[in-house]
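Every value quoted in this text rests on a predicted model; they were computed, and no experiment measured them. When a residue number appears, it is its place in the shown sequence, counting from 1. Scope of the values below: all heavy atoms of this structure, side chains included, with no hydrogens, waters or symmetry mates.
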Amino acid sequence: MNEDRRRDSRLGMYAGVFMTHGEQAYLSELVNVSAGGVTVQRPTNWQSDHGGIYSLYFVLDQERIWCIKCAVAHEQEEVLGFSFQPGYAVKADQLLAESRNWR
């Protein structure tokens, strides 16, 4: 049996994600969201800065773009996991609530 051991359950959601760190910028897609963070598709030109803080801009529609500061939690061949930074709990809760509308 393959048991999910993550602390927070994930909800699938699609949204465009624009990620910035210093002068680096990446365009990606959201895969899923949880109370603790998000998983996004790994951009082909990705250059990780472990320990760096990234600004992730979630493009929900033409009028709603939310920015949440995140840190890289894990990297895999296809996806990147980010954890939300302290102080973004309200926006993270809003994003998680928004994901429930995507089912």
Side-chain angles (χ1 to χ4, degrees):
M1 181 162 66
N2 206 3
E3 184 179 329
D4 189 351
R5 296 180 185 203
R6 292 178 267 202
R7 180 178 41 179
D8 300 307
S9 62
R10 308 305 199 248
L11 295 173
M13 180 179 176
Y14 172 80
V17 180
F18 185 69
M19 304 180 293
T20 64
H21 176 68
E23 294 185 11
Q24 295 290 327
Y26 306 94
L27 188 58
S28 186
E29 296 176 357
L30 182 62
V31 174
N32 61 48
V33 60
S34 74
V38 295
T39 302
V40 301
Q41 291 292 324
R42 183 186 181 115
T44 55
N45 62 338
W46 175 254
Q47 295 177 8
S48 179
D49 176 11
H50 291 287
I53 303 301
Y54 291 77
S55 295
L56 274 63
Y57 296 86
F58 300 92
V59 183
L60 302 175
D61 57 39
Q62 291 181 350
E63 297 175 1
R64 296 181 306 152
I65 300 172
W66 296 344
C67 179
I68 301 178
K69 300 282 186 181
C70 300
V72 176
H74 64 85
E75 295 186 38
Q76 296 176 3
E77 189 174 323
E78 300 283 326
V79 296
L80 303 169
F82 288 91
S83 59
F84 298 132
Q85 290 296 287
Y88 288 87
V90 171
K91 284 188 177 182
D93 287 345
Q94 290 172 335
L95 186 61
L96 189 58
E98 185 71 26
S99 73
R100 292 185 179 103
N101 296 328
W102 290 78
R103 289 184 176 191

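- Taken from CD1 in I68 to CD in Q94, the straight-line distance is 8.0 Å, to the nearest 0.5 Å.
- In this structure, A71 and Q85 approach most closely via the heavy-atom pair CB-NE2, 3.3 Å.
- Scanning both residues, R42 and E77, for their nearest heavy atoms gives CD-O, 3.3 Å.
- Other residues sharing the hydrophobic cluster of I53, ordered by chain and number and joined by side-chain separations under 4.5 Å: none, the residue standing alone.
- Inter-residue side-chain proximity for L80 and V72 is flagged as unmet; no heavy-atom pair is nearer than 4.5 Å.
- With hydrophobic clusters built from ILVMFWY side chains whose heavy atoms lie under 4.5 angstrom apart, Y88 shares a cluster with V40.
- With sequence neighbours left out, K69 forms a side-chain hydrogen bond (donor to acceptor under 3.5 Å, both in side chains) with S55.
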Take F58 and V38 through the side-chain contact (heavy atoms from CB on, under 4.5 Å) test and state the conclusion after the steps. CA-CA 11 Å; F58 300 92; V38 295; 4.1 Å; yes
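- Listed by chain and residue number, nothing satisfies the side-chain hydrogen bond (donor to acceptor under 3.5 Å, both in side chains) test with Y54 (two or more places apart in sequence, or in another chain).
- Remark: H21 NE2 to S48 OG distance equals 8.5 Å, nearest 0.5 Å.
- In the hydrophobic clustering of this structure, V17 groups with W46; members are Ile, Leu, Val, Met, Phe, Trp, Tyr whose side-chain heavy atoms approach within less than 4.5 Å, directly or through other members.
- Using a 4.5 Å heavy-atom threshold, the side chains of Q76 and H74 count as touching.
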Can you list, pair by pair, the side-chain donor-acceptor contacts under 3.5 Å of residues 60-67, counting residues two or more places apart and other chains?
from, atom 1, to, atom 2, distance (Å)
D61, OD1, E63, N, 2.9
D61, OD1, R64, N, 2.8
D61, OD2, R64, NE, 2.9
D61, OD2, R64, NH2, 3.2
R64, NH1, E98, OE1, 3.0
R64, NH2, E98, OE2, 3.1

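- Within the 4.5 Å cutoff, no side-chain heavy atoms of F84 are placed close to those of D93.
- Y26 places a side-chain N or O within 3.5 Å of a backbone atom of Q47 that can act as its donor or acceptor partner.
- Residues passing the side-chain contact (heavy atoms from CB on, under 4.5 Å) test with V31 are T39, Q41, V79, sequence neighbours excluded.
- Residues satisfying the side-chain contact (heavy atoms from CB on, under 4.5 Å) criterion with E78, sequence neighbours excluded, are absent altogether.
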